[in-house]
Amino acid sequence: MKTYKTRTFRSVSAFRGSIFGMNTTIKTVRRSLVVALVATGVFPTSASATNGFFSHGWGTNSKAMAGVATALPQDTLVSATNPAGMAFIGNRFDVGVAFFSPSPRGYEANNDFATQSVQTPGGSVNMPAGAFVTPGDYESRLDWFLIPSFGYNYVLDDRSTIGFSLFANGGMNTKYNDRPPFENFAVFPNQRVGPYPDGSIGPYFDFSSGQPMPVTAEVPGTVNGNPNGVFTATTPTGINLEQLFIEIPYTYRLDGGKQSVGIAPVLAVQRFEATGLEPFMQLSVRPDKVTNNGMDWSYGMGLHFGWFGQINDQLALGASYRTKVWMSKFDDYAGLFADGGSFDIPAMFNLGVAFKVQPNLTLAFDYQHIFYDENHAIANSNDADLTACQVAGPKPSYCLGAESGVGFGWESMDVLKLGLKYDPIEQLSLMAGVSYNTDFLKTDRQGLFNILAPATIRWHLTLGAAYQATKTDEFAISFAYMPKETFDGTSPSLTQVQTGSLYMEQMEIGVGWSHRF
């Protein structure tokens, strides 16, 4: 019996008690909370946000203007961007819901994977020289998601306010049902794996039968490379990350009421699930904590600071900084994310200006910086030779789940937002906006792992309107379209020379109701 060994992939590869002092205020808060919970639910069904995994904006009016809000407070969801803006919106609550579609999204694998010529009894055969993605288009399913929001603000006195806001920060979602993208990242079930004459490690084949050499074959120095198919990829393949924020903003007015400062404790809940990542168990320091462990929950806290200044009747400025939100670890996925399941939510900085060109026409601009490099699970490189992670025994610190474990290779992101608001009549506002964000990946050598999170979107085009139906009630609608963007590249650490393209297109429709009291 003749045997031949073809190299396996080099590597298979994350306040004061008086706030509600009056009975009428207590009733208002209770009613508004009930309305919010009934109308929006407690948690988003899912999210796959647009500036990396952050939303492009918060609040229906802000979303209609590409997310500008730092220097243009319009409703209680301004707290998500700049808590100081709550000082200028009065007593009110807002309920909103967005219908979000990140579709199509996925990965297209090209037919250029590495091959090698093998001499067999029947002649020369061309075979893959390592791991590869079967050429073709892999499109993620689950096309529509429901994203709720709610905010409340109460004026304590002529200088201070306190409020409450609940919103989905963002998230990531993919679900590949048709076939597992990583089906060629593990050897056949019960196939023998051992040393080659050149010192490399790879699977053994019996070309007299054309089948993988089974585990029962007695070949000294080899091991069972995939016991009973434990490393064989399954469907559905994908991840689901959802993040819910609660902020409690307090503001104080300065300079005769023309300026305000705000501070908000930030409470966050996130949940995560991964499926179909069985081949990557070989690379992990905790193989049992990589995939198919159900939904895991994480909790944490941070702080949000802001300043707003009405410089004159035409010009307003704003700035805010939200710290990193320190989260508890995803224990059930301690073998997937770096540092044993750590997934803190990155810090965010906003700088904004709003200018009234005419009494009924306002232009607003925001600059936003998202510190993705603070999240090791997101920022750590996957462009490394991970062969050593496949060996038995202690593994290097760059293996999955370890202190410096493999990540998605993201870098921090800059976002530029421009919005316009026009009031043709007193009761009606028409809004539009455009935003652009910088690339999410550090290099084009880290694309493949991001088939789980193809955050390629760069441009956002938005429209919307708000109508003052009564003295106390306003209704708003927003529409956002994010044109399809692709990211072409390779993943040498995973598939050697094979190339492919990540892609995504999105749209969102939002509706909101505001009530003043």
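With hydrogens and angles ignored, the 3.5 Å screen pairs no side-chain donor or acceptor of E139 with any backbone N or O of G106. At least one donor-acceptor pair under 3.5 Å links the side chain of T174 to the backbone N or O of L452. Side-chain N or O atoms of N292 include one that pairs as donor or acceptor with a backbone N or O of G276 at under 3.5 Å. With D296 contributing its side chain and D331 its backbone, the two residues share a donor-acceptor pair below 3.5 Å. Between the side chain of K395 and the main chain of S284, a donor-acceptor pair closer than 3.5 Å is present. Although no hydrogens or angles enter the test, the distance criterion places a donor-acceptor pair under 3.5 Å between the side chain of S328 and the main chain of Y299. Remark: the backbone N or O of P424 is not paired with any side-chain donor or acceptor of N360 at under 3.5 angstrom. Between the S298 side chain and the Q270 main chain, no donor and acceptor come within less than 3.5 Å of each other. Judged by distance alone, the side chain of R271 and the main-chain N or O of W297 form no donor-acceptor pair under 3.5 Å. With K63 contributing its side chain and A98 its backbone, the two residues share no donor-acceptor pair below 3.5 Å.
In the model, S62 has no side-chain atom that pairs as donor or acceptor with a side-chain atom of Q74 under 3.5 Å. A donor-acceptor contact under 3.5 angstrom links the side chains of H515 and D473, judged on distance only. Checking S320 against N82 by side-chain atom types alone, no donor-acceptor pair falls below 3.5 Å. Checking E242 against N240 by side-chain atom types alone, a donor-acceptor pair falls below 3.5 Å. For the 3.5 Å distance criterion, the side chains of S101 and D143 fail to qualify, holding no donor opposite an acceptor. S429 and D423 form a side-chain donor-acceptor contact under 3.5 Å, judged by distance and modelled atom types alone. A donor-acceptor pair shorter than 3.5 Å can be found between the side chains of Q259 and W307. Of the N and O atoms on the side chains of S412 and D373, at least one donor lies less than 3.5 Å from an acceptor on the other residue. Defined by atom type and a distance below 3.5 Å, a donor-acceptor pair is present between the side-chain atoms of S79 and E247. No side-chain N or O of Q468 forms a donor-acceptor pair with one of Q427 less than 3.5 Å apart. In this structure, a donor-acceptor pair under 3.5 Å is present between the side chains of T50 and H460.
Residue pairs meeting the disulfide bond (SG atoms under 2.5 Å apart) criterion with at least one member in residues 395-442, sequence neighbours excluded, are C389-C399.
Tested against D94, the residues T76, N61, N153 include a single side-chain hydrogen bond (donor to acceptor under 3.5 Å, both in side chains) partner, T76. Only one option out of T70, N350, T81 pairs with Q368 in a side-chain hydrogen bond (donor to acceptor under 3.5 Å, both in side chains); it is N350. Tested against L420 for a side-chain contact (heavy atoms from CB on, under 4.5 Å), the candidates T362, V68, L361 yield a single pass: L361.
With salt bridges taken as basic N to acidic carboxylate O contacts below 4.0 Å, one links D288 and R286. Under the 4.0 Å criterion applied to side-chain N and carboxylate O atoms, K442 and D383 are not assigned as salt-bridge partners. For the pair E505 and R105, the salt-bridge criterion is not met [side-chain N within less than 4.0 Å of a carboxylate O].
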Query - Criterion side-chain contact (heavy atoms from CB on, under 4.5 Å) on L156 and I162, from CA distance to verdict - result: CA-CA 7 Å; L156 296 172; I162 195 162; 4.1 Å; yes
Requested in this report: Test V261 against L254 for side-chain contact (heavy atoms from CB on, under 4.5 Å), laying out the working first.
Outcome: CA-CA 8 Å; V261 291; L254 307 167; 4.0 Å; yes
Query raised in the report: So Y321 and F305, ring pair (Phe, Tyr, Trp, His ring centres under 6.0 Å) or not? Walk me through it.
Result: CA-CA 5 Å; Y321 176 73; F305 305 92; 7.2 Å; no
Requested in this report: Could you walk me through whether M413 and N51 pass the side-chain contact (heavy atoms from CB on, under 4.5 Å) test, one step at a time?
Outcome: CA-CA 8 Å; M413 179 178 288; N51 292 324; 4.0 Å; yes
**Report entry** side-chain contact (heavy atoms from CB on, under 4.5 Å) evaluation trace for R92 with D75
**Finding:** CA-CA 8 Å; R92 63 184 290 158; D75 55 41; 3.8 Å; yes
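Side-chain contact check for L386 versus V406: some heavy-atom pair is nearer than 4.5 Å.
K484 forms a cation-pi arrangement with Y503, by the criterion of a distance under 6.0 Å to the ring centre and an angle within 45° of the ring axis. Relative to the six-membered ring of F88, R253 meets both conditions, a distance below 6.0 Å and an angle of at most 45° to the axis.
Residue-environment remark: NZ (K356) stays at or below the threshold of 12 foreign heavy atoms within 6.0 Å. Residue-environment remark: CG (N312) exceeds the threshold of 12 foreign heavy atoms within 6.0 Å. Heavy-atom neighbours of E403 CD from other residues, nucleotides or ligands within 6.0 Å: at or below the threshold of 12.
The heavy-atom pair separating N375 from P346 by the smallest distance is CB-CG, 4.2 Å.
Note: W513 and F93 have perpendicular aromatic rings, judged against thresholds of 30 and 60 degrees for the angle between ring planes. Ring geometry for Y436 versus W459: interplanar angle of 30 to 60°, hence tilted. Ring geometry for F54 against W58 counts as perpendicular: the plane angle is over 60°, on a 0 to 90° scale with 30° as the lower cut. Classified by interplanar angle (parallel below 30°, tilted 30° to 60°, perpendicular above 60°), the ring pair F53/F343 is tilted. The aromatic rings of F440 and W410 stand perpendicular to each other, their planes meeting at an angle above 60°, with 30° marking the opposite boundary. Ring geometry for F164 against F150 counts as tilted: the plane angle lies between 30° and 60°, on a 0 to 90° scale.
Aromatic pair Y138/F182: centroids not less than 6.0 angstrom apart.
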